[in-house]
Amino acid sequence: MSFDLVLFGGTGDLAWRKLMPALFQAFRHGSLPPDGRIVGVARDDLSDDQYRELIQSRFSAVEGAKRPSPEEFKKFASMLHYLRMDLSKPDDYARLAGLLNQRDAKTVVMYVATAPALFTQVVEQIAAAGLNGPRTRIVLEKPLGHDLASNRAINSAVGKVLEEKQVFRIDHYLGKPSVQNLFAMRFGNALFEPIWRREHISNIQITIAEDLGVEKRGAFYDQTGALRDMVQNHALQLLCAVAMEPPINAHADAIRDEKLKVLRALKPWTPESLGLHAVRGQYTAGTAYGERVPGYRDEAGVNPDSRTETFVALRTEIANWRWAGVPFYIRTGKRLASRDARIEVNFRPTPHAIYRAPAGNVNKLVINLQPKDGLELHMLAQAQDNRQRNGHQSSAAQLAPVQLDLDFDKRFGSERVGAYERLLLDVIDGRLNLFVRSDEQEEAWRWVEPLIDNWESDGGPRPYAAGTWGPSASSAMIARDGFSWGEEQ
Ligand code: BG6
């Protein structure tokens with residue numbers, strides 16, 4: 001099946017850090033259809049060969065085993081082409097059309113990995129050049145807009161020239177093998193479904209912690225912040241995956257309909273909950289892996305008086321029959337104590353205690369997303385025979401925590417298909433299951449918007465030292481409900 005993949009932002013960070021390595025892995029795994037062209041588009045004046053050299057030099061930053069050998073790169077590079085374009089000039093889109101019309105590829109993928117401010121312009125120009133026919137699919141990177149109105153404006157501009165089935169709004173978390181496993185665990189097994197509800201679950205915690213700072217993306221990040229960068233998309237998609245009803249089948253709209261219902265059922269913010277159930281923070285200088293690291297305001301590209309949040313912790317509820325009253329906590333941030341993404345499902349304690357049990361959440365299912373990928377089921381067991389202790393008869397048996405551990409990396413191999421590889425192949429094949437529909441995205445913006453508005457006028461983010469778990473207000477928020485964050489128990 002022939003395809004042309006046009007990569008707007010072809011020399012950008014995302015292109016060489018994620019997309020090219022993913023395309024190369026697909027090529028290496030033999031899953032990229034052979035008759036394909038990948039056309040990098042950017043403003044620089046480069047020939048095809050110079051572009052190939054640039055991409056090859058960037059591959060040196062790719063982790064060891066995923067790096068191509070010179071022979072492998074040579075084969076892969078024959079698919080790579082380059083087109084210099086000024087994205088505001090219609091003539092340049094006409095040149096793109098000329099290139100694409102040289103042949104009759106079955107699928108044309110337009111991957112828009114540019115600054116979000118250019119999305120609408122690019123989509124309109126693609127259409128004006130007649131490049132929006134049925135064989136075209138467009139991929140839009142996040143963040144799509146910076147609030148509900150700008151998101152709607154992009155979606156409506158796109159909707160005027162393309163059908164919804166041609167639009168692939170990417171959220172790379174949905175492509176992660178661990179997130180696929182979450183769907184498989186919930187909807188491929190009957191085991192947990194009967195207890196996956198308020199009667200048995202006391203609270204659910206979603207953590208996406210990063211140990212890195214803003215790296216070279218300071219200028220972008222300072223305009224964005226953790227709420228728009230991680231919560232509006234990745235964290236809410238995880239929340240949907242864990243809370244949605246079983247879809248009627250595995251088709252894209254069946255899945256997206258159920259996710260949308262969860263987003264619509266999220267409790268709206270009130271002046272009270274905005275104060276009590278939302279904490280934001282910004283990292284100050286600290287330590288990461290034994291090294292001193294600068295504070296956020298000292299990072300390149302960041303305003304020295306910045307009020308942008310690098311940490312968010314939220315508490316919400318889902319107002320429906322399955323989840324009413326169960327707190328869902330979301331926490332994400334940069335420069336936290338470790339890189340760790342997971343979902344913890346905490347079950348209710350036994351209704352009546354006949355054992356002496358350790359404090360804290362006893363039964364929990366931990367869905368490890370990264371760096372580990374797997375499941376842990378935490379339980380209590382009788383660790384030893386306690387009848388005779390120090391020569392005395394013990395009055396109550398002592399239990400100890402144990403866990404069942406499922407390590408998917410060990411079971412399936414850690415070289416599984418990565419998120420971008422999987423999603424790029426899905427676009428080429430036209431599979432929309434793991435992409436976000438416009439109504440889902442708008443609903444997620446609608447829910448986060450009161451936070452954005454509130455934070456414009458409040459006292460600013462709370463400081464936390466790099467290398468910690470964020471401001472103490474985050475632990476205080478969850479402690480008010482009688483719970484604590486998983487790793488703090
Ligand atoms: C991106 C954010 O969407 O996700 C980044 O823009 C963040 O700020 C990244 O670092 C995290 O992705 P992953 O796959 O490394 O967890």
With no hydrogens and no angle check, just 3.5 Å: does a side-chain donor-acceptor pair link [X] and [Y]?
X: H234; Y: D171; value: yes
X: Q441; Y: Q232; value: no
X: N346; Y: N203; value: yes
X: N181; Y: S178; value: no
X: T224; Y: D229; value: no
X: Y93; Y: E124; value: no
X: H29; Y: E421; value: yes
X: S338; Y: D211; value: no
X: K66; Y: Q25; value: no
X: S472; Y: S475; value: no
X: R135; Y: T107; value: no
X: Y111; Y: E141; value: yes

Are the charged groups of [X] and [Y] less than 4.0 angstrom apart, N to O?
X: D458; Y: R280; answer: yes
X: R37; Y: D4; answer: yes
X: R315; Y: D481; answer: yes
X: R437; Y: D253; answer: yes
X: E215; Y: R217; answer: no
X: D407; Y: R411; answer: no
X: K261; Y: E258; answer: yes
X: R169; Y: E164; answer: yes
X: R339; Y: E210; answer: no

Hey, could you give me the CD1/CZ distance between I428 and F3, rounded to the nearest 0.5 Å? 4.0 Å
State the CG-OG1 distance between L227 and T310, to the nearest 0.5 angstrom. 12.5 Å
Donor-acceptor under 3.5 Å ([X] side chain, [Y] main chain):
X: E272; Y: H277; answer: no
X: N233; Y: R228; answer: yes
X: S150; Y: H146; answer: yes
X: W447; Y: L263; answer: no
X: Q205; Y: S484; answer: yes
X: R322; Y: R198; answer: no
X: N454; Y: P450; answer: no

Over 60° means perpendicular and under 30° means parallel, so tell me whether F347 and F192 are parallel, tilted or perpendicular. parallel
Report the relative orientation of the aromatic rings in F76 and F27; use parallel for angles under 30°, tilted for 30 to 60°, perpendicular for over 60°. tilted
Go through it in stages, so that I can follow the logic: the residues are D147 and N151, the test is side chain to side chain donor-acceptor pair (under 3.5 Å), and I'd like the CA-CA distance, side-chain angles, deciding distance and then a yes or no. CA-CA 6 Å; D147 57 10; N151 177 258; over 6 Å; no
Show your reasoning for whether side chain to side chain donor-acceptor pair (under 3.5 Å) applies to Q180 and R422. CA-CA 11 Å; Q180 312 285 305; R422 159 89 203 231; 3.0 Å; yes
Within the supplied structure, the quantity of interest is the number of heavy atoms (other residues, nucleotides, ligands) at a distance under 6.0 Å from R186 CZ; does it exceed 12? yes
For E199, does the CD atom have more than 12 heavy-atom neighbours from other residues, nucleotides or ligands under 6.0 Å away? yes
Side chain to side chain contact (heavy atoms under 4.5 Å, CB included) assessment of V302 paired with Y221: CA-CA 8 Å; V302 171; Y221 194 88; over 6 Å; no
Set of side-chain contact (heavy atoms from CB on, under 4.5 Å) partners for R152, sequence neighbours left out: L148, E442, R446
Please identify each residue that fulfils side-chain contact (heavy atoms from CB on, under 4.5 Å) with N368, with sequence neighbours left out. R342, V366, K372, E376
Verdict with reasoning, L369 to I343, per side chain to side chain contact (heavy atoms under 4.5 Å, CB included): CA-CA 8 Å; L369 304 175; I343 302 173; 4.3 Å; yes
Ring of W485, cation from R331 - is the NZ or CZ under 6.0 Å from the centre and inside 45° of the axis? yes
Do V6 and L100 touch side chain to side chain, with heavy atoms closer than 4.5 Å? yes
Does a side-chain heavy-atom distance below 4.5 Å link V312 with W455? yes
Centroid separation F59 to F24 less than 6.0 Å: yes
Aromatic centroids of F311 and Y464 separated by under 6.0 Å: yes
Please lay out, stage by stage, how T207 and T332 fare under the test side chain to side chain contact (heavy atoms under 4.5 Å, CB included). CA-CA 6 Å; T207 295; T332 185; over 6 Å; no
